[in-house]
Amino acid sequence: MLTINLIREQKEFIIKRLKIKNFEAKSIVKKILLLDSSLRKIQSKTELLQGEMNRVSKEIGILLKDGKLKEAEKAKKKTSSLKVKIKSLSDKLIPIENNLRTEIIKLPNLPHETVPKGYGANNNVKVKEHKVKIHISESALPHWDLIKKYDIIDFDLGIKLTGAGFPVYKGKGAKLQRALIRFFLDEGEKAGYTEMMPPIMVNEESGFGTGQLPDKEGQMYHATLDNFYLIPTAEVPVTNIYRNIILNADKLPIKNIAYTPCFRREAGSWGADVRGLNRLHQFDKVEIVQIAHPDHSYKCLNEMVKYVEGLIIKLRLPYRILRLCGGDMSFTSALTYDFEVWSAAQKRWLEVSSVSNFESFQANRLKCRFKEKGDKQTRLVHTLNGSALALPRIVAAILENNQTESGIKIPKVLIPYTGFEMIN
RNA sequence: GGAGAAAUGGCAGAGCGGUCGAAUGCGGCGGUCUUGAAAACCGUUGAUCUGUAACCACGGAUCCGGGGGUUCGAAUCCCUCUUUCUCCGCCA
């Protein structure tokens with residue numbers, strides 16, 4: 001959510017910037033400013049009357065104490081007309097406030113100045129591509145065949161238990177999952193991230209705080225009886241830890257890492273590219289989150305990008321880094337880098353991480369602020385997060401890229417965690 | 001799930017329906033003392049919105065778990081929701 005101050009002061013700038021996200025903000029901004037000015041007018045009027053009311057009420061108290069009953073009664077009469085006026089004004093206030101809020105919520109975050117204009121994945125800018133030699137034969141199998149061959153992941157069993165997109169990991173398949181999770185968490189700890197293990201269901205307020213609600217309601221599983229949502233990413237509970245909080249500046253940046261299962265309904269996106277592990281309703285992910293000082297958030301973003309890159313390099317996977325264009329970015333993000341790994345048998349790039357700076361967009365919803373030492377004023381923090389990493393597509397790439405005649409080679413860094421070197 | 005009690009500032013903890021934004025203690029910050037530190041003493045100490053000033057400053061509104069109500073006036077009374085604690089029941 002953009003701050004009302006920014007909208008008031010930088011109207012033209014906002015409209016211009018949002019065009020990069022292909023968002024036409026002009027009419028919404030106009031509406032917001034109109035609502036805002038009438039809100040403020042009514043508000044100051046109401047406050048004036050309220051102040052008068054408080055004064056008279058205080059007088060009545062004093063008069064009664066002094067036993068001046070008649071004068072007290074007179075003063076009471078005065079308040080009744082004030083009361084009516086205040087009521088009629090504050091009744092007007094509520095719908096304006098609501099309208100204002102629904103309008104402000106419609107505005108996406110401003111893209112960073114380095115974000116390229118564009119309409120979709122084709123306009124993303126390749127920042128880096130890192131090649132690793134892969135030797136696989138022409139008869140190499142895609143991962144959905146490999147997992148059957150070695151019996152390590154069972155989709156049919158998942159269908160029996162739950163439905164499509166809920167695989168069952170078996171034997172070495174399950175151990176590989178566990179190994180990756182532990183590897184990712186240990187690496188994070190080494191890089192200064194504090195581990196969190198949050199609930200994987202959240203309430204409505206948390207869903208709103210990070211921006212999933214109200215827009216993406218249909219993308220989350222909803223436990224309606226208790227009005228809880230299954231999290232689509234650990235970003236939601238971990239970032240919401242800092243909801244309604246005022247931090248000391250010297251605590252920043254806060255670095256958290258969390259492993260959680262993630263649940264996505266993927267309504268409407270079921271199509272051609274969803275075979276095997278490419279798209280699931282439940283998957284495992286390790287997420288990194290930073291709460292940063294606004295002056296240093298882009299330094300944090302770069303650090304996170306470097307960190308994620310390091311993980312992929314350690315796993316010896318070919319990858320590329322993309323800077324997303326305006327049209328491909330999320331509603332809440334100011335700058336996003338996507339990481340894709342090459343899946344050799346499918347012969348395609350798979351997105352395994354998305355690292356974003358949300359600047360103060362989430363913080364404004366979350367009301368997460370900080371205070372400089374000795375300073376009276378609070379400022380909004382910047383929030384950032386990134387996958388480090390999402391498991392299924394990493395697994396898919398490892399299986400496909402590392403397949404040999406005698407089985408699938410486990411990347412060296414994982415062997416201490418798996419306890420075996422081959423899946424065969 | 002049943003019965004009862006409670007929810008106040010960073011924490012602890014007062015608070016007859018009328019100068020209560022809230023006593024007091026701790027903590028924090030500033031100062032005195034000290035070569036330095038501790039102790040002691042003195043001072044200071046929240047948030048949001050808003051008006052004049054627009055650096056420092058001054059004023060107003062709102063906030064005592066959330067929402068609603070009674071009243072000229074609510075931290076204080078009533079309703080409701082949430083959370084916590086105690087007891088009972090059930091249970092990994």
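Naming: A, B, ... by sequence-line order, numbering from 1 per chain.
- Spacing between B:C72 and B:G66 at atom P, rounded to whole Å, works out to 25 Å.
- Base pairing of B:G30 is made with B:C42, judged by Watson-Crick or G-U wobble geometry with both donor-acceptor distances under 3.5 Å.
- Taking atom CG of residue A:D250 and atom C1' of nucleotide B:G10, one finds them 14 Å apart after rounding to whole Å.
- Across all strands shown, the partner of B:C72 is B:G18, judged by Watson-Crick or G-U wobble contacts whose two distances both fall under 3.5 Å.
- Annotation: cation-pi pair A:R365/A:F208 present, NZ/CZ under 6.0 Å from the ring centroid and within 45° of its normal.
- On the P atoms, B:U76 is 12 Å away from B:G18, given to the nearest whole Å.
- For the P atom pair drawn from B:G27 and B:A12, the interatomic distance equals 15 Å after rounding to whole Å.
- A:R55 comes within 4.0 angstrom of no nucleic acid atom, judged by non-hydrogen atoms across all strands.
- Annotation: of the two residues near RNA chain B, A:R40 and A:K371, the 5′-most nearest-nucleotide partner is A:K371.
- Pair assignment for B:U82: B:A7, on the basis of Watson-Crick or G-U wobble contacts that are both within less than 3.5 Å.
- Comparing A:E47 and A:K76 along RNA chain B, the residue whose closest nucleotide (by nearest heavy atom) sits nearer the 5' end is A:E47.
- Distance check on atom C1': B:C64 versus B:G10 gives 16 Å, rounded to whole Å.
- For B:A92, there is no paired nucleotide, since no Watson-Crick or G-U wobble pair has both relevant distances below 3.5 Å.
- B:A6 sits 10 Å from B:C77 when the P atoms are compared, rounded to a whole Å.
- When the C1' atom is compared between B:C49 and B:C90, the two are found 49 Å apart, to the nearest whole Å.
- One C1' atom belongs to B:C20, the other to B:G15, and the distance between them is 9 Å to the nearest Å.
- Using a 3.5 Å distance cut-off with no hydrogens or angles, the side chains of A:N227 and A:E204 do pair a donor with an acceptor.
- On the P atoms, B:C56 is 33 Å away from B:G65, given to the nearest whole Å.
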